[in-house]
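Quick note: numbers below take in every heavy atom, side chains included, and nothing from hydrogens, waters or symmetry partners.
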Amino acid sequence: MTFKIFIINLDRSVERYQSALAQLAKWPDLPIERVSAADGRVMTEAEIDHYYSLSLNQQRYHKLLKAGEKGCFISHIRCWQRIVEQQLDFALILEDDFLVNGDLAALLQDVAKLPAGWQLLKLAMPNKQQKIIAAESAGQFKRVFFAKNPVSTVAQLVSADGARQLLAAAVPFYRPVDVALQHTWELGIRAEAMWPLIFKPDLSFESNINTKSTEVVNRRIFYWQRLRFLLCNVWNNIKLYGVVKAFTARKWPNPTGRTHLSK
């Protein structure tokens, strides 16, 4: 199995990259590669429009994307492209504001032993605690499926098959990358996770994405998309796991990956 750890990092954010390397210092033999993050604030409109669709954004999402959100999505696209170009079996994609609390080497060893076919494995859930609908043993960890795929893209594993599918289905984009990855049925992927979740965001850093600005929200689109997501998500769970499991999912305690944002 060939894999790499990609750390997404803005060229100007030297301190954040050094902090990321410090988090991984316990495992000096892991193959780490820095990915220069796309800076939406300095990219030209033409460079952004190569990946982003303003018309789809206005039709299907409830607000315009910020420059940082566009740059973040493009940065993840660059990682997916590298997985394919470098012919990797998978990659661990990290944003540079992560903390790790667990045995990363053991996690990667267990992932390397997974049967072929997985595409996206979430490794963090910093916001609302999501219910788990199904699980199976995977070495020292468990491979789990959430009833609702958590937001946040601070840490996830993407396989070669997953990268190819995401490049084919997620571009052009029109919403934030973590929101897009929740709509797995639209992307044609299956999102799972490795439990316990050993990553979480480092809240001591100021966000490079969520800068303060006045946002105009289209309420009609917001409520319609929210209802549509709820219905599609439930139907997707039923198709994959059946009615009983879809409605009996429960929350699991996750002491290693919690932040004060988790509930």
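Using modelled atom types and a 3.5 Å distance limit, the side chains of Asn149 and Gln182 yield no donor-acceptor pair.
Side chains of Gln225 and Tyr61 form no contact here, defined as non-hydrogen atoms less than 4.5 Å apart. Contact of the Ile198 side chain with the Asp103 side chain is not registered, since no non-hydrogen atoms from C-beta on lie closer than 4.5 Å. Considering only heavy atoms from C-beta on, Cys79 comes within 4.5 Å of Phe6 through its side chain. In this structure, the side chains of Phe173 and Ser53 stay at 4.5 Å or more apart for every pair of heavy atoms. No side-chain heavy atom of Arg60 sits less than 4.5 Å from a side-chain heavy atom of Arg228. Taking the side chain as every heavy atom from C-beta outward, Leu114 and Met194 approach each other to under 4.5 Å.
Using a distance-only test at 3.5 Å, with no hydrogens or angles considered, no donor-acceptor pair links the side chain of Glu95 to the main chain of Ile8. With hydrogens and angles disregarded, a donor-acceptor distance shorter than 3.5 Å links the side chain of Asn9 to the backbone of Ser13. The backbone N or O of Trp118 lies less than 3.5 Å from a partner atom in the side chain of Ser159, making a donor-acceptor pair. The backbone N or O of His183 lies less than 3.5 Å from no partner atom in the side chain of Glu186, so there is not a single donor-acceptor pair. For Gln165 (side chain) and Leu187 (main-chain N/O), a donor-acceptor pair under 3.5 Å exists by modelled atom type. Not one N or O on the side chain of Lys122 forms a donor-acceptor pair closer than 3.5 Å with the backbone of Leu197. Panel note: side chain Ser75, backbone Gly71; a donor-acceptor pair is recorded below 3.5 Å.
Considering only residues two or more places apart in sequence or on other chains, Asp97 meets the side-chain hydrogen bond (donor to acceptor under 3.5 Å, both in side chains) condition with none of them.
With respect to His62, the ring-ring contact (aromatic ring centres under 6.0 Å, His included) criterion is satisfied by exactly one of Phe222, Trp224, Tyr174, Tyr223: Phe222.
Using a 4.0 Å cut-off between charged side-chain N and carboxylate O, Lys66 and Glu215 make a salt bridge.
Other cluster members for Ile133: Phe145, Leu240, Tyr241, joined by side-chain heavy-atom distances under 4.5 Å among Ile, Leu, Val, Met, Phe, Trp and Tyr.
For an aromatic pair to be called close, the ring centres must be under 6.0 Å apart, and Trp252 with Phe146 fails this.
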For residues 82-94, dump all side-chain donor-acceptor pairs below 3.5 Å to protein atoms at least two apart in sequence or in another chain.
from: Arg82; atom 1: NH1; to: Glu33; atom 2: OE2; distance (Å): 2.4
from: Gln86; atom 1: OE1; to: Lys4; atom 2: NZ; distance (Å): 2.8
from: Gln86; atom 1: NE2; to: Glu33; atom 2: OE2; distance (Å): 3.3
from: Asp89; atom 1: OD2; to: Thr2; atom 2: N; distance (Å): 2.6
from: Asp89; atom 1: OD2; to: Thr2; atom 2: OG1; distance (Å): 3.2

